[in-house]
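Below is one structure, written out as structure tokens; comments come after it.
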Amino acid sequence: MSVWYAEKKLVGYSMCDVRTMCRSWELSFAFGLLRGSELCTHFSLFSSVIMVDEAHERSLSTDILLGLLKKIQRRRPELRIIISSATIEAKSMAAFFNTSKKRREQEQGPTREPAILSVEGRGFNVEIFYVDDPVSDYVRAVISTVLSIHDQERTGDILVFLTGQDDIDAAIQLLTEEAQSSGKQGLVAVPLYSGLPRADQDLVFSPTPRGKRKVIFSTNIAETSLTLEGIVYVVDSGFSKQRFYNPISDIENLVVAPISKASARQRAGRAGRVRPGKCFRLYTEDYFASEMSIVGIPEIQRSNLVSCVIQLKALGIDNILGFDWPASPSPEAMIRALEILYSLGVLDDDAKLTSPTGFQVAEFPLDPLISKMILASCELGCTEEIITIAATLSIQSIWIPVRGVQKELDEAKLRFAAAEGDHVTFLNVYKGFIQSNKSSKWCHKNFVNYHAMRKVIEVREQLKRITQRLGIGLKSCEGDMQAVRKAITAGFFANASRLEPFSHNGMYKTVRTSQEVYIHPSSVLFRVNPKWIVYHSLVSTDRQYMRNVITVDPSWLTEAAPHFYQKQMHSSIPQ
DNA sequence: GAGCACTGC
């Protein structure tokens, strides 16, 4: 017996293999050899049990995987599936996989009602405390809670859950001030969020000095992604930043939102890893009991679905709207994804993958817009440049995230800044890095993140291999940035926006939906405000910001996607 | 004048 183990971190890897399995079924089905064929025998020997861990986290990949497994199980009744999940989700998971009713009707084999097995957790007991009255300012409440823990409780480090960098910086500053003014000693405040440079993140793991108490101020990175030792006290603000996608406007919002009970339990559990601990929740018990949602909204209902749809299409699942999800995404989001893929030429009139474009785009483990940009670069003869850009766009940031030395960072950026925009600036940085012989010193001098650049090189190599496999020649345009910009437009034409005439504050409107948007301050075109641009993504906080923008000629938009812009743009684009 | 967290290759 072999076991498939699809853990959160391995899901990507396992998905490839599930894909192989599915394709084989489609194949054998097509030949009418569903059971007992060579292929099927091979696969039933190959795997008889599949286990999915951390299913309660409801990430995009686990939800797709669960939907696929249910589909697979219908064809492979002998297949055993083990879903490991938090207690809170067990029943709904079981209900999702419960096909017993139907099966009995069809008199196909034994009852297949899923069994729920309960396994005791390994953690120590964590005592929970609530506030008596709702708090109005959770950063202040956090600090007073930390100070009183420090006063009244025995040794042990404190982990504080906040929402983002702003909160964390504010809290650390406030704690430093309060501790100073009240003469309190022995507290070591440490920030933790993903944008933090590597060396600073490592501080979190360094042992607490003797007689000191470490206070880690963290985003929800410490909730599931990494484990901290030595935590005895947890302070839970009750909030986190969450991404919400609006399919009508096609915009992703990053908003501070209340966490779910499942998250609250997960956070509390972080206090009980080494010995019995305590968790201080900065909300009332009544709120927890009666108002907090049981589980968070699954990622699939908060996301743009283009990648997801293309993945399923590539598996041969054509009836996307009828796919059985653990939680169904909204029809609007589905339709929007289909519409975007159609406009990219990835899907045809029957919503089937086009050949070769659709199949080629599906080969890349990237956002389909980026994959399309790579394919377009082939004809324009700038694939060398475009895969560098594609690799850079899939990295969070190539700049060193520093606060306080903002001016120096901006000046460093100017050395690479290109009038065309951010994508071309990336090319300049990449060129400089290669010319420096991939030197970390060079990076340091130029405020470039060395680890990020190594990653860019690595991803670029992989993209190069895929393009070669697809038979795309690696041509360079030798400095012809118009070709590069056209290739970007071929993928991102839907993300075009135009500077509002007479705008004094750099307001743009998106061509497609006339949304009010602004160039992100991190862009080299910030304050430059060229008339027509195409952006990579929108980030929405208090305003809608376009991140990574490039200047375009509006005629390229209609050229790249006549069907897409025909009706809506007629009036706004000069011919 | 601003960045919750993750993933593919």
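Just so it is clear, the structure is predicted and the values come from calculations on it, not from any experiment. Below, chain A is the first sequence line, B the second, and so on; all start at residue 1.
A:Glu458 comes within 4.0 angstrom of nothing in the nucleic acid, heavy atoms only. Here A:Tyr545 lies in heavy-atom contact (under 4.0 Å) with sugar-phosphate atoms only.
With hydrogens and angles disregarded, no donor-acceptor distance shorter than 3.5 Å links the side chain of A:Arg58 to the backbone of A:Ile297.
Distance from the side chain of A:Ile221 is smallest for B:dC6 among the nucleotides B:dC9, B:dG1, B:dC6. Closest to the side chain of A:Asp410, out of B:dA5, B:dC4, B:dG1, is B:dG1. Of the candidates B:dG8, B:dC4, B:dC9, B:dC4 carries the atom nearest the A:Leu254 side chain, counting heavy atoms from C-beta on.
Look at CD on A:Gln462: it is 4 Å from C1' on B:dC9, rounded to the nearest Å. A:Arg547 places its CZ atom 18 Å from the P atom of B:dG1, with the value rounded to the nearest Å. B:dA5 atom P lies 8 Å from atom CG of A:Leu192, rounded to whole Å. Taking atom CH2 of residue A:Trp399 and atom C1' of nucleotide B:dG1, one finds them 17 Å apart after rounding to whole Å. In this structure, A:Ile370 atom CD1 and B:dG8 atom P are separated by 15 Å, rounded to whole Å. Between A:Glu223 atom CD and B:dA5 atom P there is a gap of 12 Å when expressed in whole angstrom units. Following rounding to the nearest Å, A:His520 (NE2) and B:dA2 (P) show an atom-to-atom distance of 8 Å. Protein atom CG of A:Leu393 is 19 Å distant from nucleotide atom P of B:dC9, rounded to whole Å.
A search for ring-ring contact (aromatic ring centres under 6.0 Å, His included) contacts involving A:Phe433 returns nothing, not counting sequence neighbours. When the side-chain hydrogen bond (donor to acceptor under 3.5 Å, both in side chains) test is applied to A:Ser503, the partners found at least two apart in sequence or on another chain are A:Asn505.
Comparing A:Arg527 and A:Ile466 along DNA chain B, the residue whose closest nucleotide (by nearest heavy atom) sits nearer the 5' end is A:Arg527. Heavy-atom nearest nucleotides on DNA chain B were determined for A:Pro365 and for A:Gln242, and the one closer to the 5' end corresponds to A:Gln242.
With A:Val484 as reference, A:Glu385 is the one residue of A:Glu385, A:Met373, A:Glu420, A:His423 to meet the side-chain contact (heavy atoms from CB on, under 4.5 Å) rule.
Because its NZ or CZ atom is not both nearer than 6.0 Å to the ring centre of A:Phe323 and within 45° of the ring axis, A:Lys71 does not count as a cation-pi partner of that residue.
A donor-acceptor contact under 3.5 Å is not formed by the side chain of A:Asp367 with the base of B:dG8.
Taking only side-chain nitrogens and oxygens, A:Ser194 comes nearer than 4.0 Å to OP1 or OP2 of B:dA5. Here A:Ser522 does not reach the OP1 or OP2 of B:dA2: none of its side-chain N or O atoms lies under 4.0 Å away.
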